[in-house]
Amino acid sequence: MIMLQVLIVAEKPSIAETVANALSQGSYCTRAARTSACRVHEFQSYFRGQKANIKVTSVLGHVYGFDFTKEYNDWNSVDAEELFFAGIRKVVADSSSKVVKHLTKEATGIDYLVLWLDCDREGENIACEVISCVKDSMRSVPVISGNRATVFRAKFSALTTRDICRAMNSLTFVDINQASSVDVRAEIDLKVGVAFTRFQTQYFRDKFSSLDSKLVSYGPCQTPTLGFCVARLDEISKFSPETFFLIVVNVRKDNRTTSWYSCRGKIFERQVANAVVERLNSCSNGILGKIIDITTTTERRKRPLPLNTVELLKLASKKLKISPHQVASVAESLYTQGLISYPRTESSKYPPSFDIEAVLSELERTSTWFPIVKNFRERNYPNKSRQGGVDKGDHPPITPVRGAERGSLRNAEHERVYELIVNCFLASLSEDAVVTNQQYCMLIGREKFFFCQRKLTVPGWLEFSSFTHYMESFNMNSQILFEQNDLIEDFTVSLEEMQTEPPKYLSESDLVGLMEKHGIGTDASIPTHINNIIMRDYVRLSSERRLIPTQLGILLYRGYQKIDPQLVSPVVRSHIEQEISQVASGQVDAISVVEHCLKIFWKKFVYFREHIETMDTLFETVFTTLHSRGKNFSLCGRCNRYMKLIEEKQNRLFCMNCNDTLRLPTGKFHIMNGYKCQGDAFELVTWVSSWGRPLLICPKCFSDSSSNTNFKELEWYPGMGCTELSMCRSFSCPWRQWHQCTIGLCGQCVQQAEVSKSPLSPGVLFLSPLDSLQIYCNRCSFCLKFSRDSVVQVGLEEQTEKCNVCHSRKLWLETLTSNIKQKGCLYCDSLFLVVLKRDMPRRAFHVSYRKRRTK
DNA sequence: GCAAGGTC
């Protein structure tokens, strides 16, 4: 009988292992694979009635992502509007380059492929990515549906052995509609996000000098996220505080003072409040208060639901003051250490198969948790978790998996997040807390006053350390002070003047809640979006961890609102989501949705670009415009007027006349009076970079090409500015041939190359274009400065006459003593020895190197 | 350099 070859692919390594364990009843072999994370678990079993060799492995999330084709990557040559119609392609995601090879290798010769991705749209999409990776390696032709199918999809609702086996016995097919709905979302997000981001980044950077943001980004998720923060700011600033009054009666009884408040509540008119107080005071002599009513009510504080991701983010931010981004990262780390279950889940209900007992015994094995769990059990817990909550099926709620001793984890944040997760787990299985409210009502004259005593009669889940601070609001030990019909003699009446308070800025926890409510981002991406708007400097985090919009954030929001409020509205995202859902359910085809949505956003883009000047007035109030800054510097090639040099984080030249901005690199600039670029007639400038070497550049050529060039990684040599960086568009420009300044190989470099066997070619010595009494090497630190006390001028021979011995170009020298130009080689002639009062470095090496090279 | 979505 032929043994079938079956490959199962899961979305992540942990699920691959769970599946292998369940299907093989625990007897499988594991081997390493090309990607250390995606191991392969093998066993023999039956597949569709035949004996089969089954391999289970995984990918690491998406294998591919979308990007523009290469020609669209240049910010300067591509108009942002074109991006709406640009070609896009699927490219292997950064982290997945090994995964593709891994899949093709493992799929070689297989008969069947079983896709065990998470049961959501993204999972369906990744399933298709896996198919495209393995289709050429399979022995059989990949058929994705029908009787002759060779590619199947496992749909599981829980990761229990029973459910995994059930899923394996009822395999279905990949849902192409769901998969393509993900591509729809990706294409729209990419094109819209990148087009708007590029356009507004360039627009604002070229316009405002004090705006140091490298990037002014726009995104269908990040921008509405910013919107929530600014909307709250608006609520705060619109708020006008109102004065109100509370009538308070302080009663003394048994050496204790209690404050009773008028049943009228807040009184907003001062006259009314004063009148009531006066009436009470005027008749206080002889008038007694009387307790006319005592009511006792109980209030149940429900235990928390099992923990899902969003809830964890909110709780940790609120109670532990750790940012959602950080919590997500700590939880991931706890998960990979095997301490907690998978931390990205929407489920808030334990599945029926969930083994609570197993978790409890794991906790009991540590001395930290043993007494707590023991105490917990002694109260006949665990209770079944609270009614309500959702079981999404793929991942159970976040719970501890293994006990950890206090102090044994990586750092304090790990400790606190782990403790919170354990506490939430125990709390979700505890008793509800019960609060008893005792409300007393007292009558003085015709006025009623109340006093409330709250007692926590059943602490329940509030006893776990993460929640104990709730208990502080209850006066646990208070005795009952008053009885029905008691008469009160000893009291004073007073008026408390107060003001209504504005809402506070959004906390991270509030923001997570709003994003979840409006469907902005997913549990895994919400922390990233929040982090994004902080990193881009649209909001700042206050010391109380509240999100305060910055001026930039506020201006962007106001600008969008002025031009097109939908750009910041959360509704737009949900509208797109609805259309995508129709693709997923097969009601509409993907292409028409992409076209439809892009058309809408393209129109928005065009309108936004036409009206962006309305944003200027907003920005000008806060950011300095280029017009009002800078000093006249070099000549513009278009209008021949002086451009202004603006030296900020991003150096720029700004032509007021042409209203154009040229970006310059970091460093200092000197003017090269009169020398112009042959290509565009802009005046050349000398740039002294952080390496301290002067470099001649045309600002226009530099600005046009700067986006493609990483200057830090380049080595510098004379003439590079206008030649080697291909900045210059003119081949006839003499400045491309800047080797007028070069002398010859650097002796110091030659020596170093000898010693270190460096494969790098040695540097070149050149006369500084700024000061002809200085000679530099373009690579090493060698620098030669002639003393002004003895040397008048040094220059290169116009004819490129070279030294016969070492091939260096000859220099002429004019000294104070001789007054005539003398000619010689820097290395080989004694001429320079006299003025330098030293020999040139490593001449012998220099010569030997030359000789060897010329052999 | 740019979006958002998975996962390490």
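- The neighbour count for A/K90 NZ, taken as heavy atoms of other residues, nucleotides or ligands under 6.0 Å away, is above 12.
- For A/S329, the side-chain hydrogen bond (donor to acceptor under 3.5 Å, both in side chains) criterion is met by no residue, not counting sequence neighbours.
- Expressed to the nearest 0.5 Å, how far NZ of A/K191 lies from CG of A/L598 amounts to 5.5 Å.
- With respect to the salt-bridge test (charged N to carboxylate O, under 4.0 angstrom), the residues A/R573 and A/E577 qualify.
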Sugar-phosphate or base contact per nucleotide [nucleotides 2-8 of chain B; S, B, -; heavy atom under 4.0 Å]: BBBBBBS
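- Listed by chain and number, the residues in a salt bridge (charged side-chain N to carboxylate O under 4.0 Å, His left out) with A/R89 amount to none (sequence neighbours excluded).
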